[in-house]
Amino acid sequence: MSARSCLSVILAAGEGTRMKSALPKVLHPVAGLPLVCHVIDAAAAAGSGALAVVVGHGAEAVRKAVEARAPGAGVYLQSERLGTAHAVLAAREAIARGHDDVLVMFGDTPLIESQALETARARLAEGAAVAVIGFRTQNPAGYGRLIEREGALVAIREDRDCTEEERKITFCNGGLMAIAGAHALSLLDAVGNANAKGEYYLTDVVEIARERGLPVVATEAPFENVLGINNRAELAEAEAIWQTRRRRAMMLSGVTLTAPETVHFSHDTVIGPDTIVEPNVVFGPKVTVAGNARIRAFSHLEGATVGEDCEVGPFARLRPGARLAGKAKVGNFCEVKEADVQAGAKINHLTYIGDATVGAEANIGAGTITCNYNGYTKDRTEIGAGAFVGSNSSLVAPVRIGDRAYVASGSVITKDIPDDGLAFGRARQEVKPGRAPVLRALYEAEKQRRGGSKV
Ligand code: UD1
Ligand code: CA
């Protein structure tokens, strides 16, 4: 990474009315992370040490999201929407601090990769005053065109300002730009608003730099890098591209995805090598899975930590605070929330474990429920190491099941069980020999009394 200092200015003042949403556009999520935060991350990955975000519509909400992701960021208000150059100048104070490179990005372009930004920065390091990030498309309508003469970029012309000839150009402005810090303010200050929209266009710095004899270059990035989100269809398109990229990165890092196109990741999902993820698994935010685990089909995980050699699912739900140590098993139709499931413990079928500790090698029978909530407060259930909880038991918290203790099936446990204790918490069974035919006769008589019908 270059030793040059870099400021990123992210424009996030857009109204985004086509989202038809109460939420500011740049706060809509891709992979669970607001659009603007994806751009912030790409800037950081490209070696940008300073950040200025220009906000307008929904300023306070956007400020909060930005500060949560990048605590050192400067947030600047563009109170009137007079164009992209005007927006960049809202961050004048940050630009005036004198960085080597200034990167201008849009907050609604979440798929920008640090590679594209690094390429543009490299051109500045080679002496360019302005490096524009362009892309090629067969459908250039609506985009600014990159006007080149003898292989050199001479201007960017907005679609509505183009001549018929210029409209045919398919090399377009992605909107993102790297400007040498030494020239940034003087170039931006020279931008006027004599164009079809009456706006101060950032793109005009290209022509202005040329007029001053400063070197200007165009770089090229894949289209998806500069895909701007304007409506929810484009949001879904960006999500799909993001997921495709992440699936591939996961597989290349050693994770097996048997049906990659059906697995959904969150922006922060971490999975170790040799873990197998079966079809139709959804990772919500804050999930870490260690290596060599198996996440079986149709499982849903969020806020969970899964240790090495664990098996989860099929059809399991791990909710926030589910922490599975190595070799633990959580099987079908089980829900685990805010619980430490220690090494080798098994929760295999139809169970709810919430606000609990399940000791190492404990076995939780089918249909076991920790009754953690009485409608007012929540309490914990402690299950000791090596304990055996028989099927269909209700463990009414707060309660402790000792190490190696044994709970008889169908028990309702309301009192602590000491280590090695055996507890029965169910009605005693009565057996009446020969009484089944008597009962049947009774029922048949009642049915006839009601006219032979079942009701
Ligand atoms: C811009 C480029 C165009 C390029 C296209 C790529 C300019 C003048 N045009 O056009 O060459 O092909 O992006 O998608 O730069 N914004 C503000 N304040 C403003 C105006 C805009 O913050 O006063 C923000 C918007 O929220 C948006 C970004 O700047 O995130 C781009 O503005 P927009 O009006 O969408 O520009 P385009 O017409 O798409
Ligand atoms: Ca746009």
Side-chain angles (χ1 to χ4, degrees), residues 8-19 24-28 34-40 52-59 62-63 66 75-92 103-112 116 130 132-137 139-147 153 155-162 166-167 169-179 187-188 191-208 218-231 234-235 237-238:
S8 290
V9 181
I10 299 178
L11 307 188
E15 292 162 41
T17 48
R18 279 179 286 161
M19 297 299 280
K25 177 168 79 170
V26 295
L27 296 187
H28 280 261
L35 300 178
V36 66
C37 294
H38 284 270
V39 183
I40 290 173
V53 181
V54 178
V55 301
H57 182 74
V62 177
R63 176 195 298 274
V66 166
V75 178
Y76 299 88
L77 187 69
Q78 184 197 23
S79 37
E80 266 182 301
R81 203 184 142 87
L82 300 179
T84 42
H86 178 262
V88 178
L89 281 170
R92 176 185 296 277
L103 280 174
V104 179
M105 288 176 272
F106 296 161
D108 63 357
T109 310
L111 299 174
I112 181 69
V130 178
V132 172
I133 301 179
F135 66 97
R136 307 231 176 233
T137 173
N139 286 314
Y143 294 107
R145 308 297 202 283
L146 300 186
I147 315 280
L153 181 65
I156 303 177
R157 197 92 69 230
E158 289 308 295
D159 190 57
R160 60 181 81 200
D161 299 309
C162 280
E166 287 168 341
R167 270 211 182 93
I169 297 171
T170 54
F171 193 21
C172 296
N173 177 24
L176 302 92
M177 200 180 274
I179 311 174
L187 289 172
L188 288 161
V191 171
N193 65 349
N195 51 54
K197 252 174 135 183
E199 283 190 1
Y200 295 86
Y201 284 162
L202 170 65
T203 44
D204 284 354
V205 303
V206 168
E207 248 173 308
I208 297 166
T219 64
E220 197 179 326
F223 171 61
E224 55 185 48
N225 266 252
V226 298
L227 178 70
I229 309 301
N230 296 302
N231 57 46
E234 287 167 355
L235 185 68
E237 205 180 313

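Predicted model, so just to flag it, every value in this text is computed and none were measured. We're numbering straight along the sequence, starting at 1. Counting starts at 1 for both ligands and their atoms, in listed order.
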Could you check whether any heavy atom of [X] sits closer than 4.0 Å to an atom of ligand 1, since that is the contact criterion I want to use?
| X | value |
| --- | --- |
| Val54 | no |
| Gly83 | yes |
| Gly174 | yes |

Does the N or O separation between [X] and ligand 1 drop below 3.5 Å for any pair?
| X | answer |
| --- | --- |
| Gly14 | yes |
| Leu202 | no |
| Lys197 | no |
| Thr84 | yes |
| Asn173 | yes |
| Gln78 | yes |
| Tyr143 | no |

Dump the intermediate steps for salt bridge (Lys or Arg N to Asp or Glu O under 4.0 Å) on Glu166 and Arg145, then the final yes or no. CA-CA 7 Å; Glu166 287 168 341; Arg145 308 297 202 283; over 6 Å; no
Heavy atom under 4.0 Å from ligand 1: found in [X]'s side chain, backbone, both, or neither?
| X | answer |
| --- | --- |
| Ala13 | both |
| Leu11 | both |
| His86 | neither |
| Leu82 | backbone |

May I have the step-by-step check of side-chain contact (heavy atoms from CB on, under 4.5 Å) for Leu235 and Glu237, ending in yes or no? CA-CA 5 Å; Leu235 185 68; Glu237 205 180 313; over 6 Å; no
Counting heavy atoms only, name the option from [options] that's nearest to [atom].
| atom | options | answer |
| --- | --- | --- |
| atom 28 (C) of ligand 1 | Phe106, Tyr201, Phe135 | Phe106 |
| atom 30 (O) of ligand 1 | Leu176, Asp108, Asp159, Ile229 | Asp108 |
| atom 33 (P) of ligand 1 | Arg81, Glu199, Glu158, Lys25 | Arg81 |

Leu176 and its side-chain contact (heavy atoms from CB on, under 4.5 Å) partner, picked from Ile112, Leu11, Val104, Val132: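 Going through the options one by one, the only one that passes is Ile112.
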Can any side-chain N or O of Arg167 pair as donor or acceptor with the backbone N or O of Asp159 at less than 3.5 Å?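 Answer holds: yes.
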Supply the atom-to-atom distance [X] [atom1] to [Y] [atom2], rounded to the nearest 0.5 angstrom.
| X | Y | atom1 | atom2 | value |
| --- | --- | --- | --- | --- |
| Leu146 | Asn173 | CG | CG | 5.5 Å |
| Thr203 | Met177 | OG1 | CE | 6.0 Å |
| Asn195 | Asp161 | CG | CG | 5.0 Å |

Gly144: numbered ligand 1 atoms lying under 4.0 Å from its heavy atoms: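 That gives atoms 3 (C), 4 (C), 11 (O), 12 (O) of ligand 1.
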Which ligand 1 atoms does Ala87 reach within 4.0 Å, using its non-hydrogen atoms?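 Contacts of ligand 1 toward Ala87, numbered from 1: 17 (C), 18 (N), 22 (O).
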Quick one: are Glu15 and Arg81 in side-chain contact, heavy atoms under 4.5 Å?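 Result yes, sub-4.5 Å side-chain heavy-atom pair found.
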Hey, does Glu207 have a side-chain heavy atom less than 4.5 Å from the side chain of Arg157?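 Touching, per the 4.5 Å side-chain cut-off.
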For Ala116 and Asn225, work out which heavy atoms get closest and say how close.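 Heavy atoms only, the tightest pair is CB-OD1, 3.7 Å.
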